[in-house]
J.: 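Before we start, here is the structure in question, set down as structure tokens.
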Amino acid sequence: MPPKKKYNPAALEKKWIEIWDKKELHKTNLKDPKKPKYYNLVMFPYPSGDKLHIGHWYSYAPADSWGRYMRMKGFEVFQPIGFDSFGLPAENYAIKTGIHPSKTTKTNTDYMRKQLAAMGAAWNWDAAVMTSSPDYYKWTQWIFLQLYKNGLAYRKEAPVNWCPGCQTVLANEQAQDGKCERCDSEVTKKDLAQWFFKLKKYAQKLLNYDGLDWPEKTKLMQQNWIGRSEGVNIDFPLADDSGKLTCYTTRPDTIYSVTFIVIAPEHPWVKKAVSGTEHEKPVNKVIDKIKKQTDIERTSETGKDKLGAFTGKYAINPVNGEKIPVYIANFVLMYGTGVVMADAHDQRDFEFAHKYDIPLKFVISGTGKKTSPKNAKEAHTDDGTLFDSGQFSGMNNREALPKIAEWLEKQGMGKRTVNYRLRDWLLSRQRFWGAPIPIVHCEKCGEVPVPDKDLPVELPKYVDFKPKGDGKSPLATSPKFVNTTCPKCKGKAKRETDTMDTFVCSSWYFLRYPTAGSKSHAFDKKILDKWMPVDMYIGGPEHACMHLIYARFIHHVMHDLGYVKAKEPFRRLVHQGMITKDGAKMSKSKGNVVSPDAFVKKFGSDIFRMYLMFMGPFTEGGDWNDKGIMGVKRFADRFWNLMIQPDGEGNDALVHKTIKKVTDDMEKLHFNTVIAAIMELTNASMKTGLTKTQKQSIIRLLAPLAPHLCEELWELNSGRGSVFNAQWPTYDESLLVEDTMTLAIQVNGKLRGTVEVSKDTEEKDVLTAAKAVENVAKYVSEGTLIKEIYIKGKMVSLVIKP
RNA sequence: GCCCAGGUGGUGGAAUUGGUAGACACGCAGGACUUAAAAUCCUGUUCCGUUUACGGAGUGCGGGUUCGAUUCCCGCCCUGGGCACCA
């Protein structure tokens with residue numbers, strides 16, 4: 001007997017990666033796909049010092065398996081990869097060490113490219129992008145200008161996060177929980193001129209998910225984030241005839257309960273109203289106090305204490321003519337109109353009224369209590385019947401709500417309005433390692449956009465990274481960069497020194513991939529219309545309200561401007577679960593980051609990725625441990641041995657059943673049960689062996705999950721060409737129906753036996769056979785049989801009475 | 001506080017238009033091979049009761065609907081995720 005060839009992952013994976021590369025197996029015909037297109041996308045990695053960790057593998061390997069599966073199903077698959085290479089860590093590292101971010105980025109991406117290559121995934125490297133490369137950010141700047149020219153980008157004074165310790169501006173993600181991530185100082189706010197995109201303008205459009213196959217959870221999260229609310233703007237005339245205050249409310253049914261008005265401290269009306277009065281001093285004192293509250297105080301329990309001051313002004317409740325006082329209050333935000341009508345049916349208003357001794361009245365009954373608001377401990381927030389509410393008394397408050405809104409509008413007292421919690425996107429960063437905002441400030445002409453032909457506005461090579469404490473980007477330290485001429489009047493001008501949020505770079509990278517390989521315009525309509533939208537997008541759920549909203553927004557804008565035909569960028573979205581280590585998120589600071597490299601070296605890419613997929617459901621994630629990897633290795637060895645055995649005679653029914661199960665589960669991305677099914681089939685076939693045809697079917701089933709292994713086995717079993725150019729196997733329905741079936745028999749709901757009958761046995765014969773089963777007969781004889789149920793193909797249920 | 005997802009053996013997990021709970025693995029125990037170990041193969045493995053067979057309990061807890069509930073309904077508890085003074 002010739003010596004059995006052993007499964008040697010290392011040699012075999014190296015061999016096939018080289019062959020695939022040489023034969024350009026993973027190139028996509030982007031210009032003229034001959035088969036239906038399939039755009040398979042993963043969220044690109046940030047090139048951090050940690051390199052690719054287990055989490056990346058956990059999402060990228062199954063994503064690759066999915067792409068290979070779609071390819072075998074007959075699609076022209078486009079599966080690109082790139083790097084989200086602008087961002088903070090590289091810059092922070094530069095501040096500490098003086099090493100230029102471009103250097104760090106290169107080191108990290110070089111290493112990660114090797115890791116990605118070792119995965120043996122079907123990446124289309126020709127289309128790779130790197131957001132920090134001028135070829136790329138040229139177009140990020142171009143997109144900015146498109147928004148600017150179409151009135152969707154503007155500059156306005158706004159508070160930014162400021163760390164007094166580091167003397168620098170912080171991005172939101174560096175200032176989590178109100179503390180600087182580096183020095184732990186409490187973050188304060190500083191007013192600086194900032195750039196915004198008009199995200200809010202797209203709020204309504206972003207609530208439409210027609211035709212999108214997205215997780216319900218993600219849609220819900222976005223909907224909550226966008227926060228649409230329907231309400232009424234109600235006008236309250238001021239008692240001194242100096243105008244009116246407009247309150248936004250979603251609860252017009254409580255209008256008869258309103259006994260005061262609260263207004264946001266930063267509302268411009270406040271300054272005017274108190275100016276020169278006896279209330280000016282106390283009001284300003286409270287405003288100062290509120291301003292000084294840090295984010296930590298504001299969100300802590302004690303920080304939630306109601307704080308305010310009387311403005312000295314009164315307004316008139318339009319529905320009953322009552323004179324009601326106007327207060328500033330810390331809990332009122334500049335949302336809606338920044339003015340809120342306050343009453344006894346809202347917990348916050350209630351607390352405020354009790355603190356400042358403002359009268360309250362209830363207008364909704366229902367709790368059965370007759371307590372007066374003054375003695376009550378809490379606001380009445382339950383629904384009930386209205387009283388003391390004019391013509392609406394006696395109605396249920398929820399039913400009255402729309403009627404009151406309508407009536408207010410008819411009376412000219414209010415107007416129905418929609419509000420969103422979503423705010424405009426603050427995109428400027430006072431940072432070095434990002435795409436410069438392509439704007440020039442000219443003394444004569446003001447803000448002037450850089451002409452398209454002058455793009456990209458390149459980052460200067462040499463700047464001083466150390467924070468200066470002036471709130472400016474390090475770009476401001478480079479005179480060569482800053483001093484320029486105005487594109488309009490050719491006079492002296494200065495460049496904008498802020499850079500863009502990295503989320504701007506990542507909000508369109510999927511639009512760049514299809515054209516990245518050619519030197520064409522990034523928005524080459526011929527290619528983009530062919531390839532957009534992305535058919536499958538796989539990435540973490542943590543991006544639900546940031547990246548996935550920004551990307552949809554930019555895509556919507558580009559659609560509206562006529563650059564892309566598709567309305568939405570991502571047709572199907574799937575989130576992988578998170579991999580933790582001992583229950584904690586993996587992070588450098590915790591020192592619990594697990595590298596995949598050692599496992600890949602020891603077991604090979606195929607076994608490692610199969611183990612990740614076998615661990616549990618793809619969308620669930622889990623806690624990392626390597627205990628079970630030997631089980632997958634054993635399986636791979638057995639699978640190999642089975643496939644190189646001389647041909648035998650396997651069970652065709654089982655093979656076809658497995659093809660069906662695997663196909664169904666692949667569609668749902670249930671990779672764990674796919675592997676289990678193939679394991680089962682492998683175990684069952686070890687003794688009998690398999691025919692050549694059966695082998696070829698099963699090799700194709702496992703190929704997306706263990707590409708190198710199956711490519712080799714495909715060759716050894718005389719498959720033609722690459723297994724990934726072979727068609728996904730189909731199954732024969734007629735082979736799935738079994739001749740006999742085993743039925744469970746229950747007596748009074750308890751399992752008492754089973755019976756085997758042929759598949760088309762009539763009901764009465766099945767029941768007879770069931771009752772004849774010894775153990776069943778024993779129970780039946782103990783009482784009177786009062787009911788017999790036969791569920792076809794499943795079971796028999798007998799009910800007896802003692 | 002509000003919204004969402006989930007809770008199944010020692011472990012990871014399977015199974016839901018309501019129909020034999022625990023597939024597939026890990027681990028563990030026993031056995032074969034071996035001078036021995038590793039590797040491999042075979043057998044067993046939810047728990048409790050005496051012996052293949054059998055009975056009882058069992059899918060976070062307490063009720064309910066049903067011939068039958070991990071699956072549906074009601075009320076709780078716990079874990080994870082998101083939002084958090086948005087009127």
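Chain A is the first sequence line, chain B the second, and so forth, proteins listed ahead of strands; every chain is numbered from 1. Remember, predicted model here, so these are calculated numbers, not experimental data.
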J.: Just by distance, no angles: are the side chains of S229(A) and Y335(A) close enough, under 3.5 Å, to form a donor-acceptor pair?
T.: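 Checked: S229(A)/Y335(A) side chains pair up, N/O donor to acceptor below 3.5 Å.
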J.: Counting only Watson-Crick pairs (N1-N3 plus N6-O4 or O6-N4) and G-U wobbles (N1-O2, O6-N3), all under 3.5 Å, who is the partner of C83(B)?
T.: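 Partner of C83(B): G1(B).
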J.: May I ask you to decide whether K792(A) forms a salt bridge with E763(A), counting only side-chain N to carboxylate O separations under 4.0 Å?
T.: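 Looking at K792(A) and E763(A), the cut-off is not met.
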J.: Report all interatomic pairs (protein N or O, nucleotide N or O of nucleotides 64-69 of chain B) with separations under 3.5 Å.
T.:
residue, atom, partner, partner atom, Å
C67(B), OP1, K787(A), NZ, 3.3
C67(B), O2, S797(A), OG, 2.5

J.: For F362(A) together with H345(A), are the ring centres under 6.0 Å from each other?
T.: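 They qualify: ring centres under 6.0 Å apart.
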J.: Between R634(A) and A39(B), is there a contact of a side-chain N or O with OP1 or OP2 at under 4.0 Å?
T.: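 Checking A39(B) against R634(A), no side-chain N or O comes under 4.0 Å of OP1 or OP2.
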J.: Between A23(B), C85(B), A87(B), spot the one nearest the side chain of S229(A), thanks.
T.: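 It is A87(B).
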J.: Do the charged groups of K668(A) and D664(A) touch, with an N to O distance under 4.0 Å?
T.: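 No.
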J.: Once you measure the plane-to-plane angle for H543(A) and F503(A), does it fall in the parallel (<30°), tilted (30-60°) or perpendicular (>60°) bin?
T.: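 Geometry flag for F503(A) against H543(A): perpendicular rings.
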J.: Using atom P in both nucleotides, what's the gap between C47(B) and A23(B) to the nearest angstrom?
T.: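 Going atom to atom, P in each nucleotide, I get 12 Å.
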J.: When you look at NZ of K585(A), are more than 12 heavy atoms from neighbouring residues, nucleotides or ligands closer to it than 6.0 Å?
T.: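 No.
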J.: The side chain of K627(A) lies closest to which of these nucleotides: A87(B), A25(B), C26(B)?
T.: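 Given the options A87(B), A25(B), C26(B), the side chain of K627(A) is closest to C26(B).
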J.: Protein within reach of the bases, or only the backbone? For nucleotides 42-55 of chain B, mark each nucleotide 5' to 3' as B, S or -, using heavy atoms under 4.0 Å.
T.: ------------SS
J.: Assess the pair W624(A) and F599(A): is the distance between their ring centroids shorter than 6.0 Å?
T.: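 Yes; F599(A) has its ring centre under 6.0 Å from that of W624(A).
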J.: Using the P atom as the reference point in each nucleotide, state the distance between G81(B) and G13(B) in Å, no decimals.
T.: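 One P to the other, the span is 16 Å.
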J.: Please give the distance between the C1' atoms of A38(B) and C24(B) as a whole number of Å.
T.: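 The answer is 25 Å between these two C1' atoms.
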J.: Look through every strand shown and name the nucleotide pairing with C76(B) as Watson-Crick or G-U wobble, where both distances are under 3.5 Å.
T.: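 Matched C76(B) with G60(B) under the 3.5 Å cut-off.
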J.: Check whether more than 12 heavy atoms from other residues, nucleotides or ligands sit under 6.0 Å from atom NZ of K355(A), and answer yes or no.
T.: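 Yes, the 6.0 Å shell around NZ holds more than 12 heavy atoms from other groups.
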J.: What does G68(B) pair with, Watson-Crick or G-U, if both distances are under 3.5 Å?
T.: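 Partner of G68(B): none.
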J.: Between A87(B), C24(B), G82(B), which one does the side chain of Y248(A) approach most closely?
T.: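 Closest nucleotide among those given: A87(B).
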J.: Run the ring-centre check on Y356(A) versus F310(A) and record whether the distance is less than 6.0 Å.
T.: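 Judged by ring-centre distance (under 6.0 Å), Y356(A) and F310(A) do not meet the cut-off.
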J.: A25(B) phosphate, OP1 or OP2: any side-chain N/O from N683(A) under 4.0 angstrom?
T.: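 Answer is yes, contact under 4.0 Å.
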J.: Look at the side chain of W225(A) and decide which nucleotide, out of A87(B), C24(B), C83(B), has an atom nearest to it.
T.: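 Ranking A87(B), C24(B), C83(B) by closest atom to the W225(A) side chain puts C83(B) first.
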J.: Between K200(A) and D424(A) (salt bridge meaning N to carboxylate O under 4.0 Å), is one present in this structure?
T.: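 No, K200(A) and D424(A) are not salt-bridged.
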J.: Is it true that E230(A) and R416(A) have a side-chain N and a carboxylate O under 4.0 angstrom from each other?
T.: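 No.
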J.: Which one, U20(B), G19(B), C85(B), comes nearest to the side chain of A744(A)?
T.: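 Among U20(B), G19(B), C85(B), the one nearest the side chain of A744(A) is U20(B).
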J.: Going 5' to 3' through nucleotides 1-14 of chain B, assign each nucleotide B (protein heavy atom under 4.0 Å from a base atom), S (under 4.0 Å only from sugar-phosphate atoms) or - (no protein heavy atom that close).
T.: --SS-------BSS
J.: How about NZ on K657(A), more than 12 heavy atoms from neighbouring residues, nucleotides or ligands closer than 6.0 Å, or not?
T.: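 For K657(A), atom NZ is not crowded (no more than 12 foreign heavy atoms under 6.0 Å).
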